[in-house]
**Q** 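Please find one structure pasted underneath; my questions will follow.
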Amino acid sequence: MPSHEEGLDPDNWQSFAKAVHDLLDECIHRLQCVEDYPWRPVPEDIHQRYLIGESPLDMNELVAALKTDVMPYATGNTHPRFFGWVHGTGLATGLLTEMASAAMNSNCGGRDHGMTYMEREVIDWTKSAMGFPAGASGVLVAGTSQATVIALAAARVRALGPEVRVSGQAGQWLTAYTGPGTHSAIRKAVELLGIGSENLRIIPENERGMDPHLLRKEIARDRAAGAMPFAIIATAGSVDLGKFDDLKELASVAAEEDVWLHVDGAFGAWTRLAEEPWRGLSDGIELADSLACDFHKWMFVQYDCGLVLIRDEHEHRQAFSMRPSYLTSYDQGLAGGEPWYCDYGIDLSRGNRALKVWAALRSYGPQKLGQAITRCCQLAQYMAELIAEDGAMQLQAPVVSSLCVFTADGRLGGAEQSEMNVAIAQRLQIEGAAVFSTTNINNVTYLRAAITNHRTRRADVARALHAVVAARDRQL
């Protein structure tokens with residue numbers, strides 16, 4: 001009978017090390033030969049494979065299960081012809097940092113340890129890259145969805161004062177404003193904060209994005225009706241088409257109206273590292289009161305890692321700081337290390353996100369990462385050129401950044417196009433040829449390629465479109 005004194009560490013560390021090296025070899029192989037591992041449908045018996053059961057596995061059995069039953073059924077976003085949604089693709093450095101992070105198992109909610117200082121360095125570097133002032137604050141989060149909640153919570157504190165945390169909105173009618181290309185995370189955020197999605201005004205676009213004239217009119221209309229406009233939410237890289245609002249113009253509106261300007265830069269904020277003309281797309285981002293962006297998208301690091309930056313550190317801290325006695329800090333020992341990141345967001349228990357970002361910046365450098373971002377934009381333009389050459393395929397809109405939305409056959413009616421595009425997307429995914437996602441614009445479903453993949457080359461773009469044409473021709 002086992003002793004209650006037994007711990008959970010391996011009984012035989014040499015055997016454990018051998019199992020780890022076996023798995024590490026498999027991981028390196030998958031990264032080295034990534035083209036051989038597209039998305040594949042999960043088998044029908046996957047639930048049986050994943051049953052917990054009563055009998056524990058030894059380490060060798062666990063590694064075998066990881067290699068045969070787990071790793072083959074990933075999202076597939078490491079593959080060079082994965083263009084679905086806006087997925088990040090991961091870096092080789094991430095394999096190292098995830099191992100180190102797992103061994104350290106740091107809680108990054110606060111206290112005096114190295115990862116607290118590393119997170120500050122990552123945030124300070126990003127503030128500089130985005131043109132935010134040195135006194136701005138920030139915190140690493142799961143992603144832009146969480147970052148948006150944090151930013152709008154700080155905006156609400158500015159509008160209603162810190163007492164909103166205790167008394168709620170006390171009958172105040174808050175309204176926010178965004179464009180039609182906004183991400184669903186914006187709506188979720190205003191719902192979670194109790195503002196209500198019906199108070200999120202969708203402002204029509206002009207050729208440069210959200211129309212500032214119509215925005216001013218809507219703000220004036222709401223004020224006249226007794227509402228308190230509190231936030232404008234601009235988009236740097238829209239979900240469907242990769243479009244950018246005129247951030248400078250919207251910053252002028254926000255200043256005139258004394259309204260918080262938040263920028264959703266989930267992937268598009270990182271055009272700040274790209275070459276022209278793409279770098280200029282995000283001009284004005286430095287004027288925002290807050291910015292949400294993801295390192296796990298166009299900065300390629302492993303999931304998950306997003307960031308919120310907030311211009312006014314005091315307003316940021318007012319929205320979240322809470323220190324019961326068990327979180328008392330001191331000037332010496334592990335309870336030092338102020339400021340603590342639990343005072344700037346939702347989480348007290350936080351994983352180590354900074355290490356993988358720091359390693360990417362130190363290993364590749366901002367210039368090389370920026371070149372990869374530029375190449376993604378160039379590849380989207382190349383895809384558009386190939387589509388134009390086909391004759392039957394048609395672009396839905398000009399390519400602005402790294403998103404390309406098109407139909408496999410523009411000669412068909414809308415319903416027929418939708419049916420064909422959905423069928424092609426599914427077929428190519430199942431065959432492992434390429435992953436396109438779809439989007440619906442004006443009641444037509446289109447194929448959508450979001451190229452945020454540092455592994456993609458021109459040959460991959462050509463092969464993916466060749467697969468689209470072949471699938472189309474088989475259906476005609």
Side-chain angles (χ1 to χ4, degrees), residues 75 77 82-89 141-149 151-152 176-191 197 200-211 231-247 250 262-271 278 281-282 285 288 290-299 303-304 306-308 373 376-377 380 383-384 395-407 418 421-422 425 435-453:
T75 320
N77 48 303
F82 188 101
F83 308 135
W85 303 273
V86 183
H87 272 43
T89 48
V141 293
T144 291
S145 296
Q146 186 179 352
T148 303
V149 175
L152 294 185
Y177 307 84
T178 193
T182 193
H183 195 279
S184 59
I186 307 301
R187 177 173 174 171
K188 286 186 177 182
V190 297
E191 291 175 351
S197 55
L200 178 64
R201 310 292 191 233
I202 306 301
I203 307 301
E205 291 181 332
N206 60 21
E207 67 280 357
R208 284 299 312 274
M210 196 192 319
D211 189 316
I232 297 168
I233 301 145
T235 298
S238 66
V239 178
D240 285 319
L241 299 174
K243 295 172 65 175
F244 287 69
D245 285 328
D246 186 337
L247 302 180
L250 295 182
H262 173 70
V263 175
D264 180 350
F267 76 98
W270 294 112
T271 56
W278 297 286
L281 291 171
S282 50
I285 205 167
S290 57
L291 167 66
C293 59
D294 287 328
F295 286 100
H296 59 228
K297 288 190 173 76
W298 230 359
M299 285 290 274
Y303 283 96
D304 56 33
L307 171 69
V308 60
I373 292 166
C376 291
C377 295
M383 180 176 283
L395 284 177
Q396 161 61 18
V399 172
V400 176
S401 52
S402 64
L403 271 70
C404 185
V405 179
F406 66 101
T407 184
S418 296
N421 290 330
V422 169
V435 170
F436 293 91
S437 57
T438 62
T439 192
N440 189 286
I441 300 173
N442 297 326
N443 297 317
V444 179
T445 301
Y446 293 95
L447 293 165
R448 175 176 172 275
I451 305 178
T452 50
N453 192 330

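Heads up: numbering here begins at 1 and tracks the sequence. Both backbone and side-chain heavy atoms feed into the values below; hydrogens, waters and symmetry mates do not.
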**Q** Taking side-chain hydrogen bond (donor to acceptor under 3.5 Å, both in side chains) as the test, write out the residues that go with Thr439, two or more places apart.
**A** Asp240
**Q** If we only count heavy atoms from C-beta on, is the Trp270 to Thr452 side-chain gap below 4.5 Å?
**A** no
**Q** Would you say the side chain of Val399 lies within less than 4.5 Å of the side chain of Cys404, judging by non-hydrogen atoms?
**A** yes
**Q** To the nearest 0.5 Å, how far apart are CH2 in Trp278 and OG in Ser401?
**A** 10.0 Å
**Q** Whether the side chain of Asn421 engages the backbone of Thr445 through a donor-acceptor N/O pair (distance < 3.5 Å, no angle test) should be reported.
**A** yes
**Q** Residues two or more places apart in sequence or in another chain: which of them pass salt bridge (charged side-chain N to carboxylate O under 4.0 Å, His left out) with Asp246?
**A** Arg208
**Q** NE2/His296 to CG/Leu307 distance, rounded to the nearest 0.5 angstrom?
**A** 11.0 Å
**Q** I'd like to check the side-chain contact (heavy atoms from CB on, under 4.5 Å) partners of Pro398; sequence neighbours left out, ordered by chain and number.
**A** none
**Q** Ala176: which residues meet the side-chain contact (heavy atoms from CB on, under 4.5 Å) condition with it, sequence neighbours left out?
**A** Leu200, Phe230, Ala231, Ile233
**Q** State, to 0.1 Å, how close Ala380 and Leu403 come at their nearest heavy-atom pair, and which atoms those are.
**A** CB-N, 4.3 Å
**Q** Going by the rule side-chain hydrogen bond (donor to acceptor under 3.5 Å, both in side chains), which residues pair with Thr178 if we only count those two or more places apart in sequence or in a different chain?
**A** Thr182
**Q** Among residues at least two apart in sequence or on other chains, which ones pass side-chain contact (heavy atoms from CB on, under 4.5 Å) with Ser238?
**A** Thr235, Leu241, Lys243
**Q** With a cut-off of 3.5 Å and sequence neighbours excluded, list every side-chain donor-acceptor pair involving residues 82-89.
**A**
none

**Q** List for me each residue that meets side-chain contact (heavy atoms from CB on, under 4.5 Å) alongside Gln146, sequence neighbours excluded, and say none if there are none.
**A** Val141, Ala142, Ile150, Ile346, Asp347
**Q** Does Phe267 have any ring pair (Phe, Tyr, Trp, His ring centres under 6.0 Å) partners at least two apart in sequence or in another chain, and if so, which?
**A** Trp298
**Q** Looking at residues at least two apart in the chain, or sitting in another chain, which of them share a side-chain hydrogen bond (donor to acceptor under 3.5 Å, both in side chains) with Tyr177?
**A** Thr175, Asp222
**Q** Test of understanding: with ring pair (Phe, Tyr, Trp, His ring centres under 6.0 Å), list the residues that count as partners of Tyr446, not counting sequence neighbours.
**A** none
**Q** Measure from the side-chain N and O atoms of Asn442 to the backbone N and O of Val444, and report whether any donor-acceptor pair falls under 3.5 Å.
**A** no
**Q** Are the side chain of Asp294 and the backbone N or O of Thr144 linked by a donor-acceptor pair below 3.5 Å?
**A** yes
**Q** Would you name the heavy atoms of Ser282 and Thr271 that are closest together and state the gap between them?
**A** OG-OG1, 2.8 Å
**Q** I'd like to check Asn77 versus Tyr303 (side-chain heavy atoms, cut-off strictly below 4.5 Å). Are they in contact?
**A** yes
**Q** If every non-hydrogen atom of Ile451 is compared with every non-hydrogen atom of Cys376, which pair is closest and at what distance?
**A** O-CB, 3.1 Å
**Q** Can Val239 and Arg448 be said to form a side chain to side chain contact (heavy atoms under 4.5 Å, CB included), step by step?
**A** CA-CA 10 Å; Val239 178; Arg448 175 176 172 275; 4.2 Å; yes
**Q** Less than 4.5 Å apart, any side-chain heavy atom of Gln396 and any of Thr407?
**A** no
**Q** In chain order, what residues pass the side-chain hydrogen bond (donor to acceptor under 3.5 Å, both in side chains) check against Ser290, with sequence neighbours excluded?
**A** Trp260, His262
**Q** Give the minimum heavy-atom separation between Gly179 and Met210, together with the two atoms involved.
**A** N-CE, 3.7 Å
**Q** Which atoms form the tightest heavy-atom contact between Leu247 and Ala236, and what is the distance?
**A** CD1-CB, 4.5 Å
**Q** Nearest heavy-atom pair of Ala266 and Asp264: which atoms, and what distance?
**A** N-OD1, 3.2 Å
